[in-house]
Amino acid sequence: MSHGVVQEMVATALLGALNDAKKKGRLKTETWPALTLDAPKRPEWGELATTIAMSLAPSEEKNPHEIAEIIAEHLTETEQLFERVEIVRPGFLNLTIKPTLWHEVLREIDARGDAYGKADVGRGHRVIVEYVSANPTGPLHVGHGRGAAVGQAVARLLEAVGYDVTSEYYINDAGRQMKLLGASVYARYRELCGQPAEFPEEGYHGAYIGDVARRLKHKLDDETGSSDPAEIEARCRALAYGELLELIREDLASFGIEFQSWFSEESLLKSGAVEQALDDLQARGLLFEQEGALWFRSTTFGDEKDRVVKKQDGEYTYLASDIAYHRDKLRRGYDLLVDVWGADHHGYIPRMEAVMQAYGHPKERLRVVLVQLVKLLRAGVEVKMSKRTGSFVTMREVIDEVGADAAKFFFLMRDSRTHLDFDLELAKQRSADNPVYYVQYAHARIASLWRTAASRGIECPRPKETDIAPLTDPDELGLIRKLSVYPDILQTSASTFEPHRVTYYLQQLAALLHTFYNKHRILPPAGGQEHDEAGSAEELTPKRTAARLALMRGVQQVIRNGLTVLGISAPEQM
RNA sequence: GCGCCCGUAGCUCAGUUGGAUAGAGCGCCGGGCUUCGAACCCGUAGGUCGCAGGUUCAAUUCCUGCCGGGCGCACCA
């Protein structure tokens, strides 16, 4: 399914031809298969191609070539739409479009502006995208950075195609991790006070723990409060939690990411939501007791084994609060729940899908986007990280070193399910090797065109006020064709939850722009001297300049729209 | 052992949900700025798409089985 203006007009014409042919008894298929229009790989195959004749072959009981001929015969609007209609080998229908029709793309971009490419397939359905959701037990690291970039991009993509999107951070502020955090800070605190301290076995070793302890000591020194160890440890935990959550917020903010909602796990426990969620499952006959523990019968819905929700010691498992959390999201009325997880959690998918079904929803209502690990390199050499010793590279360090735009672009360059090599040296290079600058440069280059034009008193009218008929050069039409496909890219990217498609597209578009820019002149040379030299120097009339400026406006708009959806800035100059 | 993900140029990866002679960047080699931004462009080389079957008019794409790598299989989170 295509969504460009031109593609839609062509699809309509083709559909008309099919129906017309059927009316005349030349075709007999009951319902037409999906009509796809692709950009062929080779220029001699036209500009748009459809394989419809081939997919009709079985139901028509004819050979595809013959079917293609029938379709072509019934294509009544040939004169207005097509330069050429060709049938090739098995049954490809290769179409070459009239340049004037392609010009509609520029008018469409101009008319829609920042909204060009957006759609309404979501029809206002509500979706909640939950991402990052790191424990507030330390600063965010690179892996979280990738999750953040992917989550934000997915949220924006869904928004762009018409969903009503809420982004949420789930704070794991209950349970063992928090206790360990408190105990770790407490141990450091005692050390500072010169008291014997036992550092918890699996405690947090990062230097930030000591920092929190130091600040707590300052605070406590000014007070004459209780010296009860349990109380002090509790304060350690509370202070550490507060500071670390704030740190996470700040880090995300400087990465250009803000959540509409922060949801606390502990609030679920305190409000009794966890109990209610389990009661609800109990009422549905999906809980049972065994060996002193309470189990969720997730195998009913295809999970490979049943899962404990309440342990022998009476504590809830992590799954219990996750059940309550997802139930809460459903009760808040979201039609679609998107969870962005580290790929190492993929084993959780079946049990969460079971939760969906347990509450009477199709499992498709939950969509998990997996994000693989980032392998950090510096000039080709791996930067080793170890969580145990606390020697990992933080997201903050990466942003400070390479910048938020570059970091995001790299995080979004590859399918999120695959391992990512992230070379810090490459990411901060301001060179051709760096794809971020490559794309941004294309945008800035066009911006500088406006500045130059203004300084020379050349007008840059809107495409709708411009005669863009002079755009007939293959390079010009190639650029427009690329622009025409952006709505499709956006929609496929959104429906597959794969932002890297947009990143990749932008690189291709930028490449076409740079090639064009290098090969063709847009503004007349400065000083207005007669244009030069031998050969095929094309004549640069004011009309042509105006038409090309209109084209440039379209390219710039689409680059900006694409970067925006990825959460990356589109600079006017660099 | 079971499950999920990945295997495409020397390296890092795309591949439009099954289409035509499989693409890009990096790297190597060689070219291009007195004119709109050279953070750019142009050219050459590089492939049994992990292997073997199957479905199909058509398979890198779907199915099965192997091989190789990663991850997961807790009354941890």
Side-chain angles (χ1 to χ4, degrees), chain A residues 2 36 38-42 45 49 51 54-55 57-58 63-64 88-92 94 135 137 172 174-177 180 202 290-295 304-305 307-313 315-319 321-322 342-350 370 372-373 377 380 413-415 417-421 423 426 429-438 440-442 444-453 456 458 485 488-489 492 495-496 500-501 503-505 507-508 510-511 513-527 529 531-532 545 548 552 573-574:
Chain A
S2 295
T36 56
D38 296 320
K41 288 181 235 175
R42 306 171 71 84
W45 293 335
T51 56
M54 271 118 85
S55 25
N63 74 59
V88 180
R89 280 194 290 190
F92 291 99
N94 293 340
N135 295 339
T137 54
N172 296 124
R176 209 173 76 98
Q177 305 303 318
L180 273 172
E202 295 169 87
Q290 194 179 330
E291 295 161 13
L294 195 59
W295 299 68
E304 58 182 6
K305 52 186 290 194
R307 309 290 174 178
V308 171
V309 288
K310 196 176 189 177
K311 299 186 271 182
Q312 276 179 342
D313 63 9
E315 295 266 312
Y316 290 116
T317 60
Y318 178 85
L319 178 62
S321 32
D322 242 6
D344 53 342
H345 288 65
H346 69 258
Y348 261 70
I349 296 174
L370 296 177
Q372 252 308 353
L373 297 176
L377 308 171
M413 271 202 308
R414 311 294 183 213
D415 187 327
R417 282 163 296 198
T418 65
H419 288 270
L420 175 71
D421 281 10
D423 196 312
L426 176 59
Q429 250 177 62
R430 318 180 116 231
S431 77
D433 299 349
N434 191 336
V436 196
Y437 291 109
Y438 188 79
Q440 288 184 325
Y441 182 49
R445 249 184 159 178
I446 295 173
S448 106
L449 224 38
W450 312 136
R451 294 190 289 270
T452 308
R456 292 203 206 146
I458 297 168
V485 131
D488 278 332
I489 298 292
T492 308
S495 66
T496 56
H500 74 276
R501 292 172 184 274
T503 319
Y504 197 74
Y505 168 82
Q507 291 181 81
Q508 292 179 323
L513 182 275
H514 287 309
T515 299
F516 183 85
Y517 192 93
N518 213 267
K519 189 166 163 190
H520 303 281
R521 193 142 248 296
I522 295 154
L523 300 173
Q529 70 266 46
H531 70 82
D532 49 291
T545 288
R548 284 188 175 165
M552 291 300 112
Q573 47 190 313
M574 301 173 62

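Everything quoted here is computed from the prediction, not taken from an experiment. Quick note on labels: first sequence line is chain A, next is B, and so on, each numbered from 1.
For Lys519(A) and rC41(B), the NZ to C1' distance is 11 Å, given to the nearest whole Å. In this structure, NE2 of His514(A) is placed 6 Å from C1' of rC40(B), rounded to the nearest angstrom. For the pair Tyr441(A) OH and rA39(B) P, the interatomic distance rounds to 5 Å; values are reported in whole Å. Taking atom CE of residue Met413(A) and atom P of nucleotide rC26(B), one finds them 12 Å apart after rounding to whole Å. Straight-line distance from the CG atom of Asn434(A) to the P atom of rG27(B): 12 Å, rounded to whole Å. rC40(B) atom P lies 12 Å from atom OH of Tyr437(A), rounded to whole Å. Spacing between atom CG of Asp423(A) and atom C1' of rC13(B) amounts to 15 Å, rounded to whole angstrom units. Rounding to whole angstrom units, CG of residue Leu426(A) and C1' of rG25(B) are separated by 10 Å.
Of the candidates rU35(B), rC75(B), rC13(B), the closest approach to any side-chain atom of Pro525(A) belongs to rU35(B). Between rA38(B), rG15(B), rC40(B), one nucleotide has an atom nearer to the side chain of Tyr517(A) than all others, and that is rA38(B). Nearest nucleotide to the side chain of Arg501(A), out of rC36(B), rU16(B), rC75(B): rU16(B). Of all nucleotides listed (rA14(B), rG37(B), rA77(B)), rG37(B) comes nearest to the side chain of Thr452(A). Among the nucleotides rG37(B), rA14(B), rA39(B), the one closest to any side-chain atom of Arg451(A) is rG37(B).
For Ser321(A), the side chain to side chain donor-acceptor pair (under 3.5 Å) partners two or more places apart in sequence, or in a different chain, are Glu265(A). The ring-ring contact (aromatic ring centres under 6.0 Å, His included) check on Tyr316(A) picks up nothing, with sequence neighbours excluded. With sequence neighbours excluded, no residue forms a ring-ring contact (aromatic ring centres under 6.0 Å, His included) with His500(A). Every residue was checked against the side-chain contact (heavy atoms from CB on, under 4.5 Å) condition with Asp344(A), not counting sequence neighbours, and none meets it. Applying the side chain to side chain donor-acceptor pair (under 3.5 Å) rule to Arg42(A) yields the partners Glu44(A); only residues at least two apart in sequence or on another chain are considered. In terms of the side-chain contact (heavy atoms from CB on, under 4.5 Å) criterion, residue partners of Pro90(A) (sequence neighbours excluded) are, by chain and number, Met54(A), Phe92(A). Partners of Arg417(A) by side chain to side chain donor-acceptor pair (under 3.5 Å), not counting sequence neighbours, listed by chain and number: Asp415(A), Glu498(A). Residues forming a side chain to side chain donor-acceptor pair (under 3.5 Å) with Gln508(A) (at least two apart in sequence, or on another chain): Lys482(A). Every residue two or more places apart in sequence or in another chain that forms a side-chain contact (heavy atoms from CB on, under 4.5 Å) with Arg414(A) is listed here: Arg146(A), Thr418(A), Leu420(A).
At a threshold of 4.0 angstrom between heavy atoms, the contacts of Arg414(A) include nucleobase atoms, whether or not backbone atoms are also involved. Residue-level contact check: Glu291(A) touches the bases, meaning some heavy atom is under 4.0 Å from a base atom. Nucleic acid contact for Ala293(A): base, since at least one base atom lies under 4.0 Å from a heavy atom of the residue.
When Watson-Crick and G-U wobble pairs are counted only if both distances are under 3.5 Å, rU44(B) pairs with no nucleotide at all. Base-pair partner of rU16(B): not found among the strands shown (Watson-Crick or G-U wobble, both distances under 3.5 Å). For rU60(B), there is no paired base (Watson-Crick or G-U wobble, both distances below 3.5 Å). If you check rC51(B) for Watson-Crick or wobble pairing at under 3.5 angstrom, you find it paired to rG65(B).
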Within the sub-3.5 Å range, which N or O atoms of nucleotides 42-48 of chain B have a protein N or O partner, and how far apart are they?
{"unit_1": "rC42(B)", "atom_1": "OP1", "unit_2": "Thr515(A)", "atom_2": "OG1", "d": "3.0"}

Under 3.5 Å, N/O pairs linking protein and nucleotides 68-73 of chain B:
{"unit_1": "rG70(B)", "atom_1": "O2'", "unit_2": "His419(A)", "atom_2": "NE2", "d": "3.3"}
{"unit_1": "rC71(B)", "atom_1": "O2", "unit_2": "His346(A)", "atom_2": "NE2", "d": "3.3"}

Report each atom pair, protein N/O against N/O of nucleotides 19-23 of chain B, whose distance is under 3.5 angstrom.
{"unit_1": "rA20(B)", "atom_1": "OP2", "unit_2": "Lys41(A)", "atom_2": "NZ", "d": "2.4"}
{"unit_1": "rA20(B)", "atom_1": "N6", "unit_2": "Asn94(A)", "atom_2": "OD1", "d": "2.9"}
{"unit_1": "rA20(B)", "atom_1": "N1", "unit_2": "Asn94(A)", "atom_2": "OD1", "d": "3.2"}
{"unit_1": "rA20(B)", "atom_1": "N1", "unit_2": "Asn94(A)", "atom_2": "ND2", "d": "2.9"}
{"unit_1": "rU21(B)", "atom_1": "O2", "unit_2": "Arg42(A)", "atom_2": "NH1", "d": "2.8"}
{"unit_1": "rU21(B)", "atom_1": "N3", "unit_2": "Arg42(A)", "atom_2": "NH1", "d": "3.4"}
{"unit_1": "rU21(B)", "atom_1": "N3", "unit_2": "Arg42(A)", "atom_2": "NH2", "d": "2.9"}

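With both ends at atom P, the span from rC40(B) to rG15(B) equals 24 Å, rounded to whole Å.
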Inset, instruction - Could you check Val308(A) against Leu319(A) for side-chain contact (heavy atoms from CB on, under 4.5 Å), going step by step and ending with a plain yes or no? - result: CA-CA 8 Å; Val308(A) 171; Leu319(A) 178 62; over 6 Å; no

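Mapping Asp421(A) and Leu523(A) onto RNA chain B via the closest heavy atom, the residue that lands nearer the 5' end is Asp421(A). Nearer to the 5' terminus of RNA chain B, by closest-nucleotide assignment, is the contact made by Thr496(A) (compared with the other of Thr496(A) and Tyr316(A)).
Between Arg445(A) and rA38(B) there is a side-chain polar atom (N or O) within less than 4.0 angstrom of OP1 or OP2.
Here the shortest heavy-atom pairing between Met552(A) and Leu513(A) reads SD-CD2, 3.6 Å.
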